[in-house]
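Structure first, then comments.
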Amino acid sequence: MEVDDEMIKSIGEEEEKRKPIVVILVGAPGSGKSTFCDHVMRVSTRPWVRVCQDTIGNGKAGTKAQCLALSNTSLKEEKSILIDRCNLDREQRADFVKLGESHQVDVHAVVLDLPAKLCISRSVKRTGHEGNLQGGKAAAVVNRMLQKKELPKLNEGFSRITFCQNENDVQAAMDTYGALSSSDSLPSGCYGEKKADTKVQLGIMKFLKRVDPPNRVRSDKTVPGSLAEIPKENHFVDAGQDQQMGSENGAHPLDSPPPTLAFPSISTADFQFNIDRASEIIVETVEEFINKLGNARLVLVDLSHGSKILSLVKTKAAIKNIDHKKFFTFVGDITKLRSEGGLHCNVIANAANWRLKPGGGGVNAAIYNAAGPDLDTATKNRAGSLAPGKAITVPLPSTSSLFSKEGVTHVIHVLGPNMNPKRPNCLKDDYNKGTKVLREAYLSLFENFASIVNAQEKLSDSSSVKPDSHSHLDGISNCDQKVRREDGASNTERNKKLKGFIGETESKTLYSVDVKENAINSGKKSQSLNKDWGSWAQALYSVAMHPEKHRNDVIEVSDDIVVLNDLYPKAQKHVLVISRAEGLDRLADVREEHLPVLRTMHDVGLKWAQTFLSENESLVFRLGYHSAPSMRQLHLHVISQDFNSKHLKNKKHWNSFNSPFFRDSVDVIQEVSEQGKATLNEDEKFMSMELRCNRCRSAHPNIPRLKSHIGICKSPFPAPLLQNGRLLTKSDAC
DNA sequence: GTTCTAGAAC
DNA sequence: GTTCTAGAAC
C-alpha cells in the first residue's frame, strides 16, 4: 500500500474541533482486525472505542444490534469507533456505514485483504487448536467467507478506503490511524488498491528468478498475495493472454488456491522411460482429465532448471491449447513447494516403488523424508504394495511436517512402468506395454486426485452449512465467533438442541436410503480414493463429514463427534459415537495426539449410556472399538449387554462384541496414553471363536441357541469386565 | 456393514 | 426337510 504522506500531514488544518470517525474494518477471521484496533488504541491520542461483536456479549454471542448501540453511544460522546467484525459483504457493512449519515461523521473502511492461508493459520493458532480437524475446519470457514467477500467501494458511503494486502500495508495503516489526533482527519479516496504492488511482487519475482529464467515477466496488473496465480504467468512458454486477473469491478479472485496436485514425471528417471514418449502421455492424459477437475489444477514438477521433460510437456501442452491455468509446469522441490516456491499444492504425487517403501532415492526418498515416519505408517495402513499403472491415496496425518509446513493433505503413490533392467518388473523395450501402463498410471493418479477434490468439496460444504444451525445469529458478521465455535468452544447449546432426536428410530429407513445413495456416489466418485474401504463402508464417514445431511439419524453433533443410533443395533441400545476427524478411519490410525478425541468420544459415550440407564436401570453398557471395523471412520460402540436384537444374526456379530476383537474404550485410552497406540486384536480367529455367553461363559453350538441362553442367563459378568469401569451399570451412573 | 443363497449340519 | 453357516456380491 502506498500511503501518501504529504496528504496525511496536511490533515486537520481546517478543523480544530474534535470530529469522530467511524472506521469499519473489513477482513476474514485471522486477518488481524483486533491487532489493528489494539495498536491504534494504544498509540493514538484520539479517544477510540472498539466495537467488537466477539466481546460485546460478555462471553455470550454478541449481536449486531449491540454493536450498533455501542457505536451510537460512543459517537454521541464524540469518540471515534473501530468496528471490529468481519464486515465482508456490503450488506453487513451497511448499517455501520449509515452511522456516518446519522452522526455527520466520516466513515472509513480499512480492508485487511491478506492471503487466506495466513488468516487460516492465525485462526487456528488463536484458538489453540493445531490439529488436522480444527485446522481444516478453520480453513473451510475462512475460505467460505472469502468467497462471499465483496470489497468495499466509495459509493457504499465511505469517504476513505484503505486496502491492505500484506503486513507492511497493515502496519502503514495502523500508523496512519494511530497518528490521528482528536482534530485530525484523513483525506478521502481509495488507497492501496490492487495494482502491481512492488513489495509483494518483488518477493514473488525473487522466487521466480530462482526457479525459472525471468524473461517472461508480465507487466499487467496482478493480485499481490494471490499466490495461487504465480505459475500462470511464468511456466508456460507463451502462456498467453491474461485470463484471470481482471478485478475491474471489485470481483477479486479467491486468495485460497484451488485444489492442486503436484506430480513428478513418472518412470522417466530411474525407470528410464523414454522422455519424449512420456511427455506425450502426460499431455494426453492431462488433456483427458483436465475438464473433469473443475477449478482444480495439475502441476508437473521437476527439480531441475534444464528439465527436458518439463520443456517437452510445456511445448506439447501449448500446442494442444491446454488451459495453462489448470495445468502448468513448475521447477522446484516437490516437498517444499509452498515454503520455498510459494505454490500451495494440497496433494502431491509420489513416484513410489512397488513395495511402497521409503528410501531408494529420487522423489520417493525425498517425500518420505519430508513427511516423516507418519507417511510410512499411514501408507502401510492402506496397502502393502502397488502394481505398475496403479495409484493409491494416503491421507497425510496432521502430525507430518509435510502437512504442517507445506499444507499437503494427501500423498498419492503412483507406480509407473519400469524400463530399467536393473529394477524389478522390467519391461525391457516393450513400449507397447510400457505406454499402456504409464497412461494407466497417470489416469489412476488423476482419478485419485479427483476423488480427493470431491471429498474436500463436500467437507467444505459441510463446514459452511453447520453454522447455519445458529440461524438466529447474524450471518457473516459473526464470523469470528463462528470460527471459535467451529473450534469447539461452545457445543452445549447445539448438543441440547439435537438431543431431541433421540428415539426416532423410525428414521432408520431414511438413513438406509442415505447409505445406499452414498454407497452409489462413493462408488462412482471415490472408487480409487479408498480402495481398502468398500463403497458400502463409507456411510459413517459420510455422516461424520455431513451430519447436516443426516439430521434424522444424528442424535448429537459437535465439532469433534457425531452420535447416531446404529442402523442395525445388536442390542436394545446401541449407538455409535463417531469421530469427525478426517483421516482417522479406525483404531489402527489412533495415536497419542488423538487422546483428546478418544476422551471426548468416551465422555460422550458415557453420557449416552447414562441417559439410557436413567430410562432403563436394568441395562448394562460397554463402550469400545472394533479392532478392525468394517465401516470407515473411527467410531465408538456404546452397546447394552443384553444383545437382544434381531440384527444379531451370526458368529461374527457376536464375537465382534464378545471377544478380544472388541477393545474397551478405557483400555484403548490407557494404551494410547502409555504406548502411543492401541493393541489391535484383528485376527480372524476371534471372529470364528466358539460362541460363549458373555456372562457365565457357557458355550453354545449356534446363534439361536446362544440367543435363547443369553435371554435368560442372570450370572454376574466375568471379573475382568467388572474392573476398570469397562462395564457401566446403574450404580456407576449414580 | 447387510443380503442372498448354496450347501453343510442336524 | 429344516436350520444354520459362511462366502460372494453389493
Side-chain angles (χ1 to χ4, degrees), chain A residues 381-382 451 505-547 549-550 552-555 562-571 573-579 584-589 624-640 643-659 661-663 680-693 698-711:
Chain A
N381 283 336
R382 300 261 148 184
S451 299
T505 42
E506 303 86 335
S507 62
K508 278 174 203 161
T509 34
L510 273 174
Y511 177 48
S512 124
V513 169
D514 281 353
V515 170
K516 271 188 182 157
E517 277 174 4
N518 182 52
I520 291 161
N521 286 341
S522 36
K524 275 182 197 158
K525 291 182 184 170
S526 313
Q527 218 160 27
S528 47
L529 178 58
N530 286 293
K531 287 203 169 85
D532 43 352
W533 296 105
S535 57
W536 44 264
Q538 308 285 344
L540 299 183
Y541 173 77
S542 167
V543 176
M545 295 304 140
H546 304 281
K549 292 184 184 166
H550 303 265
N552 292 329
D553 308 293
V554 168
I555 56 176
V562 169
V563 184
L564 42 81
N565 284 306
D566 195 297
L567 179 57
Y568 300 95
K570 303 299 184 295
K573 290 291 178 190
H574 184 186
V575 300
L576 304 177
V577 181
I578 310 168
S579 156
L584 197 56
D585 287 352
R586 52 187 152 188
L587 196 51
D589 298 330
Y625 301 87
H626 284 159
S627 289
S630 301
M631 305 289 277
R632 179 184 179 195
Q633 198 68 12
L634 183 70
H635 54 281
L636 172 71
H637 291 270
V638 178
I639 185 163
S640 60
F643 295 105
N644 175 10
S645 164
K646 63 174 183 182
H647 297 291
L648 199 156
K649 292 174 176 170
N650 59 43
K651 215 173 200 177
K652 186 174 178 182
H653 290 156
W654 178 259
N655 281 333
S656 69
F657 292 100
N658 290 287
S659 78
F661 182 87
F662 188 82
R663 302 291 291 109
L680 304 175
N681 299 318
E682 294 174 274
D683 200 316
E684 278 299 313
K685 76 180 181 203
F686 295 118
M687 292 300 100
S688 48
M689 276 170 62
E690 56 190 347
L691 298 167
R692 283 188 178 275
C693 171
S698 61
H700 299 270
N702 55 44
I703 289 288
R705 299 271 284 275
L706 172 74
K707 286 178 87 167
S708 56
H709 168 79
I710 57 173

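Lettering of chains follows the sequences in order, A, B, ..., and the numbering in each one begins at 1.
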Sequence neighbours excluded, the answer for salt bridge (Lys or Arg N to Asp or Glu O under 4.0 Å) partners of A/Glu682 is none
Could you go over nucleotides 5-10 of chain C and give all protein N or O partners under 3.5 Å, atom names and distances?
unit_1 : atom_1 : unit_2   : atom_2 : d
C/dT5  : OP1    : A/Ile703 : N      : 3.2
C/dC10 : N3     : A/Trp536 : NE1    : 3.4
C/dC10 : N4     : A/Trp536 : NE1    : 3.2

For A/His653, the ring pair (Phe, Tyr, Trp, His ring centres under 6.0 Å) test, sequence neighbours excluded, returns none
Contact class for A/His626 vs. all strands (heavy atom < 4.0 Å): base, sugar-phosphate, or nothing? sugar-phosphate
Rounded to whole Å, please give me the gap between NE2 in A/His647 and C1' in B/dT2. 10 Å
In whole angstroms, the gap separating C1' of B/dT2 from OH of A/Tyr568 amounts to 6 Å
Can you list the residues that meet the ring pair (Phe, Tyr, Trp, His ring centres under 6.0 Å) rule with A/Tyr625, with sequence neighbours excluded? none
Residue-phosphate contact under 4.0 Å: A/His653 side-chain N/O, B/dT2 OP1/OP2: yes
Over 60° means perpendicular and under 30° means parallel, so tell me whether A/Phe657 and A/His637 are parallel, tilted or perpendicular. perpendicular
Interatomic distance, A/Lys646 NZ vs C/dC4 C1' [rounded to whole Å]: 19 Å
Below the 4.0 Å mark, does B/dT2 have OP1 or OP2 next to a side-chain nitrogen or oxygen of A/Lys570? yes
Sorted by chain and residue number, the side chain to side chain contact (heavy atoms under 4.5 Å, CB included) partners of A/Asn681 (sequence neighbours excluded) come out as A/Ser627, A/Pro660, A/Arg663, A/Thr679, A/Phe686
In whole angstroms, the gap separating P of B/dT2 from CG of A/Leu540 amounts to 11 Å
Whole-Å distance, A/Leu648 CG to C/dC4 C1', equals 14 Å
All side chain to side chain contact (heavy atoms under 4.5 Å, CB included) counterparts of A/Ser645, not counting sequence neighbours: A/His647
Round to the nearest Å and state the distance from A/Tyr541 atom OH to B/dG1 atom P. 19 Å
